[in-house]
Amino acid sequence: NLMLTGSSPALNLTGNVDVLDVLYRENINLREQVFQRLTPQTIETSANVEGTKFAEQINLDVTVDTKGPVAIANNHAKADLTGTFRVRGTANDPVVLGRASALEGGEVYFGPLEGSESAAVGERRDRYIIERGTVDFLNPLRTEPTLDIEATHDLQVKDERYAILLRATGTPTDLRTELTSD
């Protein structure tokens, strides 16, 4: 339910978006994404510049609610999230504010990718079960997720069993991880 009001160059897009059900399967290559942030963007064409100028004229004030789970199933996680967000900024540079919460029982994958399949078919050795997790979007100047995740992993080595606890907090560019075991 969106409404575009005003006239150029001062357009306002306001309203609500209810997300009923989403599945995000695209794998994420963290090295590639870091490299993209460090290198300049592609050369802009005149059509691209015109579209960018128009998008800069559209101010956003949109509320987004997840009515159903946002499911992630990729190389870094298999989890369901719910949340409420506010999208501000411009159509050219939107800023997401709000919080997403991970439902208990999801999975995050942490560790080496090599040899990640265990003897059990389809079970990953680097699998941690989410006990609690939130993703906060607090920066009013740019979309920047702040993670706070706690997950566990049971490891059997010969006759010994270890319970490993993973805590990950911070932004993707300043992520702090802590592993403890019992």
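Counting heavy atoms from C-beta on, the side chains of Y128 and E107 never come closer than 4.5 Å.
A 6.0 Å sphere centred on CZ of R132 holds more than 12 heavy atoms belonging to other residues, nucleotides or ligands. For Q156, the CD atom is densely surrounded, since the number of other residues' heavy atoms within 6.0 Å is greater than 12. Summarising the local packing, CZ of R25 is surrounded by 12 or fewer heavy atoms from other residues, nucleotides or ligands at distances under 6.0 Å.
The list of side-chain hydrogen bond (donor to acceptor under 3.5 Å, both in side chains) pairs with a residue in residues 8-19, not counting sequence neighbours, reads S8-Q57. For residues 164-182, the set of pairs meeting the salt bridge (charged side-chain N to carboxylate O under 4.0 Å, His left out) definition, not counting sequence neighbours, comprises E150-R167, R167-E178, D174-R176.
Neither L165 nor V108 shares a network with the other; the hydrophobic side chains, linked directly or stepwise wherever heavy atoms of I, L, V, M, F, W or Y lie under 4.5 Å apart, form separate groups for each. Clustering ILVMFWY residues whenever any of their side-chain heavy atoms sit less than 4.5 angstrom apart, transitively, puts I149 in a cluster other than the one holding L103. The hydrophobic clustering, which links ILVMFWY residues whose side-chain heavy atoms are closer than 4.5 Å, places L166 and Y162 together. One hydrophobic cluster, built from ILVMFWY side chains closer than 4.5 Å, holds both V70 and V64. No chain of hydrophobic side-chain contacts below 4.5 Å, direct or via other Ile, Leu, Val, Met, Phe, Trp or Tyr residues, connects I129 to V135.
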Could you check N74 against Y24 for side chain to side chain contact (heavy atoms under 4.5 Å, CB included), going step by step and ending with a plain yes or no? CA-CA 7 Å; N74 63 21; Y24 183 80; 3.8 Å; yes
Test side chain to side chain contact (heavy atoms under 4.5 Å, CB included) on R161 and L155 and set out the steps. CA-CA 6 Å; R161 173 169 236 119; L155 178 66; over 6 Å; no
Given V17 and L2, is the side chain to side chain contact (heavy atoms under 4.5 Å, CB included) satisfied, shown in steps? CA-CA 8 Å; V17 174; L2 299 173; 4.0 Å; yes
Give the intermediate values and the outcome of side chain to side chain contact (heavy atoms under 4.5 Å, CB included) for residues L11 and L4. CA-CA 7 Å; L11 296 165; L4 184 62; 4.0 Å; yes
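The shortest heavy-atom contact between P145 and P172 is O-CD, 3.2 Å. In terms of heavy atoms, T177 sits closest to A168 at CG2-CB, 4.1 Å. Shown here for L175 and L147, the closest heavy-atom pair between the two residues is CD1-CD1, 3.9 Å.
With values rounded to the nearest 0.5 angstrom, L97 atom CG is found 7.5 Å from T143 atom OG1. A distance of 5.0 Å separates CG of L138 from OG1 of T146, quoted to the nearest 0.5 Å. For the atom pair I164 CD1 and D154 CG, the distance stands at 8.5 Å (nearest 0.5 Å). With values rounded to the nearest 0.5 angstrom, E144 atom CD is found 10.0 Å from F137 atom CZ.
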Residues 77-91 side chain polar contacts: donor-acceptor under 3.5 Å, at least two apart:
{"residue": "T84", "atom": "OG1", "partner": "D65", "partner atom": "OD1", "Å": "3.1"}
{"residue": "R86", "atom": "NE", "partner": "D61", "partner atom": "OD1", "Å": "2.7"}
{"residue": "R86", "atom": "NH2", "partner": "D61", "partner atom": "OD1", "Å": "2.7"}
{"residue": "R86", "atom": "NH2", "partner": "D61", "partner atom": "OD2", "Å": "3.3"}
{"residue": "T90", "atom": "OG1", "partner": "N92", "partner atom": "N", "Å": "3.4"}
{"residue": "T90", "atom": "OG1", "partner": "D93", "partner atom": "N", "Å": "3.0"}

